J.: 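Before I ask anything, let me first share the structure, which is written out below as structure tokens.
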Amino acid sequence: MAEISSTLPDGPTIKGRLSQDDIIMRFGMVMIAVYLVATMVLPMWTMLSKSFSTYHFDLAGYELQVSDDDGAFDGTILTPAALNTELGVVEPDDLTAGSDSRMGLTQFFPDFSFRSPVMYRVRNTSDTGRFLVGSELKTGTDWLELDSNTFRRVQMRPVKSTGLGNFVNYFSTPALFNSIKNSLFIAVISTVITVSLAFWFAYGLNRSCMRYKGFFRLVAMAPILVPSLLPGIALVYLFGNQGMLKELLFGASIYGPIGIVIGSVFFTFPHAFIIISTALAISDARLYEAAVSLRSTPWRTFWTVTIPGARYGLISAAFVVFNLVITDFGLPKVIGGQFNVLAVDIYKQVIGQQNFEMGAVVSVVLVVPAILAFAIDRMVQSKQVALLSARSVPYQPAPNRKTDNIFLVYSIAVATFILGILVICQYAALIKFWPYDLSFSLRNYEFDRMDGGGWGSYFNSIQLAFLTAIIGTCVIFFGAYLVEKSNGFKTGRALFQMFAMLPMAIPGMVLGLAYIFFFNNPDNPLNFVYGTMAILVICTVTHFYTVSHLTAVTALKQMDREFESVAASLKQPTLKLFRRVTVPVCMPAILDISIYLFVNAMTTVSAVVFLYSPTTTLASIAVLNMDDAGDIAPAAAMGMMIFYTNAGARIIHLILTRKLLGRTQAWRAR
């Protein structure tokens with residue numbers, strides 16, 4: 001029974017008791033909300049806290065005594081701070097450190113020799129102090145006497161404090177701060193080019209009578225099936241130092257902004273195309289008839305009717321592309337050269353320098369434009385109004401030979417660009433040794449002989465994709481059902497909806513780094529999942545949660561709430577209604593969610609680059625590692641294996657869709 005409240009004329013408000021179904025649904029919603037808190041909110045909060053954690057060496061926090069050659073101490077107490085004032089060994093800037101940094105005490109003794117008979121005493125000046133002797137941590141204020149050979153292993157540990165020191169250090173470092181400008185520059189340029197190309201491509205497919213529309217739609221979706229690293233590898237073969245078309249750059253280098261922009265256009269094109277094509281597919285023919293009757297020119301009609309009708313799609317596509325480019329890691333890592341961007345800076349700080357605090361700072365900086373882009377996009381979409389009414393007439397383009405041929409040529413050019421990238425990668429994967437031995441061979445597919453995890457990485461990716469698709473689809477669809485079909489509980493549903501929308505605004509690399517801080521903490525009861533396949537599944541499901549959730553909610557909104565009312569009147573359990581009616585009716589959306597999660601799990605790089613272990617390496621990570629090792633052709637081969645796997649999954653998805661929908665969607669044909 002739904003939650004019912006009423007007010008008697010002279011009495012208090014009376015609330016009906018919650019039914020067993022309501023209790024079960026609310027409990028399920030709370031459990032999935034707890035999952036989102038544990039896998040999104042808490043890791044992000046931990047990472048934010050880490051960015052404000054500063055570490056420095058306190059040279060006044062230690063006291064030393066040095067004996068004479070006979071081992072006798074005269075009671076003189078020294079401190080590293082006083083010794084440094086005298087000798088100037090360490091600059092003030094060198095005292096800033098990471099959480100795992102160490103500083104040896106021997107550097108404050110220029111005449112130190114580990115063979116000397118001199119003895120040393122060391123202690124902390126406070127109970128909170130600490131230093132290492134080898135790998136053994138020493139705390140407290142008691143003197144520790146050491147011989148010279150052991151003293152050389154004494155290292156100071158940094159002291160933790162809280163403040164804006166990391167951010168000040170970041171913005172005062174020109175090389176790091178320059179990454180913000182580079183990232184914004186690349187994102188804006190790529191967005192303008194991609195949205196422009198995608199608009200005219202979608203316009204040709206929706207507003208002309210050109211031929212082969214189905215083929216062009218298929219080609220336009222191909223970049224979704226490959227990791228973002230792959231276009232970078234193709235561009236190296238085309239325009240690199242030994243590229244087959246390097247003369248076309250007129251002396252410019254592909255390693256830098258040019259390569260990043262071209263590659264970004266490739267992998268973001270289908271996202272922009274889908275959004276803009278959807279916007280252009282909905283139009284009222286009466287508006288165009290009115291324009292003709294008013295003798296408006298085609299160009300004026302385009303700017304006064306077509307563009308206003310598609311403006312929300314264009315704005316949404318622009319923000320999606322901007323977000324994808326500014327948060328991408330794989331492409332700039334492969335072809336960025338010395339052109340630093342924010343996502344690569346995070347990788348360098350964490351993997352290259354083991355400076356996790358600065359990595360957290362860069363992550364916070366990266367999150368800001370991503371969240372702003374997401375928030376503006378949602379605000380724009382909230383203002384969108386219906387373009388079609390019950391009296392609208394669907395627009396049907398009229399044949400125009402000249403216009404149709406122009407769009408056909410344009411579509412061929414775009415398709416050639418997309419297919420060319422894929423063909424070059426496949427060609428590179430089949431030749432023996434570029435550019436000296438161009439004979440064909442399959443030895444680039446002998447992944448077990450190269451860095452990256454071998455064929456095991458490929459099968460790990462398939463396992464990850466299957467688990468993500470199955471577990472993610474179940475969790476996401478059931479969560480969307482609970483938030484959409486529950487009675488009452490408005491505050492809880494609103495909070496759940498907010499948590500479900502958060503993942504879209506968080507870049508994958510930022511989420512992966514947050515998982516290190518949260519799950520790698522020994523005091524965390526969830527620490528046991530760190531380094532396992534489970535954390536990769538959790539991270540991937542969480543990273544791609546929002547789009548899948550919105551897909552499920554859209555499908556569920558199409559079902560009238562009368563289904564629940566009828567089930568309640570027949571005294572049928574809600575879960576039985578869910579199993580017998582809701583799931584079959586929403587099967588198209590469920591299958592779309594599953595293939596979306598599968599494909600993204602196969603291609604993701606940034607979300608898992610910090611989380612894999614030697615036993616859970618993935619195919620997309622293998623592409624990155626082989627490229628780092630100079631095995632570019634094998635990297636291309638692994639990238640193409642990902643493409644063929646995703647293409648095969650898409651084909652299987654289409655076959656299963658037809659069979660399952662033929663059984664579960666027969667009611668639609670009545």
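We count residues from 1, following the sequence as given. Treat the numbers as computed from the prediction; the structure is a model and nothing was measured.
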J.: Which distance, rounded to the nearest 0.5 Å, do you find between the CG of Asn520 and the CG of Leu526?
T.: 12.5 Å

J.: Quick one: OH on Tyr612 to CG on Asn625, what's the gap to the nearest 0.5 Å?
T.: 4.0 Å

J.: Asn178 vs Phe339, test: side chain to side chain contact (heavy atoms under 4.5 Å, CB included). Steps then yes/no.
T.: CA-CA 9 Å; Asn178 200 43; Phe339 191 82; over 6 Å; no

J.: Counting only heavy atoms from other residues, nucleotides and ligands, does the tally under 6.0 Å from CH2 of Trp45 exceed 12?
T.: no

J.: Using the rule given for side-chain hydrogen bond (donor to acceptor under 3.5 Å, both in side chains), can you reason through Thr54 versus Ser161, listing the C-alpha separation, both sets of side-chain angles and the distance that settles it, and then say yes or no?
T.: CA-CA 5 Å; Thr54 59; Ser161 59; 2.6 Å; yes

J.: Would you say Val510 and Met44 make side-chain contact, with heavy atoms under 4.5 Å?
T.: yes

J.: Evaluate Asp74 against Gln65 for side chain to side chain contact (heavy atoms under 4.5 Å, CB included), listing each step before the verdict.
T.: CA-CA 8 Å; Asp74 62 5; Gln65 288 184 347; over 6 Å; no

J.: In Å, rounded to the nearest 0.5 Å, how long is the span from CE of Met509 to OH of Tyr347?
T.: 8.0 Å

J.: Parallel, tilted or perpendicular: which one describes the rings of Phe459 and Trp455, with boundaries at 30° and 60°?
T.: tilted

J.: Hey, do the aromatic rings of Tyr530 and Tyr515 have their centres closer than 6.0 Å?
T.: no

J.: Regarding Thr542 and Thr39, do their side chains bring together a donor and an acceptor under 3.5 Å, going by distance alone?
T.: yes

J.: Does a side-chain N-to-carboxylate-O contact under 4.0 Å join Lys333 and Asp628?
T.: yes

J.: After noting the C-alpha distance and the side-chain angles of Thr645 and Tyr458, does the key distance pass the side-chain hydrogen bond (donor to acceptor under 3.5 Å, both in side chains) rule?
T.: CA-CA 10 Å; Thr645 302; Tyr458 172 72; 2.6 Å; yes

J.: Have Asn460 and Thr616 got a donor and an acceptor in their side chains that come within less than 3.5 Å?
T.: no

J.: Would you compute the distance between atom CE of Met47 and atom CZ of Phe52 and round it to the nearest 0.5 angstrom?
T.: 10.0 Å

J.: Within a reach of under 6.0 Å around CD of Glu247, are more than 12 heavy atoms found that belong to other residues, nucleotides or ligands?
T.: yes

J.: Atom OG of Ser441 and atom CG of Asn444: how far apart are they, to the nearest 0.5 Å?
T.: 6.5 Å

J.: Less than 4.5 Å apart, side chain to side chain, heavy atoms only: is that true for Phe108 and Val90?
T.: yes

J.: Is there a donor in the side chain of Thr150 and an acceptor in the side chain of Asp147, or the other way round, less than 3.5 Å apart?
T.: yes

J.: Is the closest basic N to carboxylate O distance between Arg443 and Glu446 below 4.0 Å?
T.: no

J.: Can you name the one residue among Ile189, Val188, Asn182 that meets side chain to side chain contact (heavy atoms under 4.5 Å, CB included) with Phe185?
T.: Ile189

J.: Ser67 side chain to Met119 main-chain N or O, any donor-acceptor pair under 3.5 Å?
T.: yes

J.: Would you call the rings of Tyr120 and Phe151 parallel, tilted or perpendicular if under 30° counts as parallel and over 60° as perpendicular?
T.: parallel

J.: Would you kindly check if the NZ (Lys) or CZ (Arg) of Arg152 is within the cone defined by 45 degrees around the ring axis of Phe112 and under 6.0 Å from the six-membered ring centre?
T.: no

J.: Quick one, Asn124 with Ser126, criterion side-chain hydrogen bond (donor to acceptor under 3.5 Å, both in side chains). Give me CA distance, side-chain angles, the key distance, then yes/no.
T.: CA-CA 5 Å; Asn124 298 298; Ser126 66; over 6 Å; no

J.: To the nearest 0.5 Å, what is the distance between CG on Leu611 and CD1 on Ile535?
T.: 5.0 Å

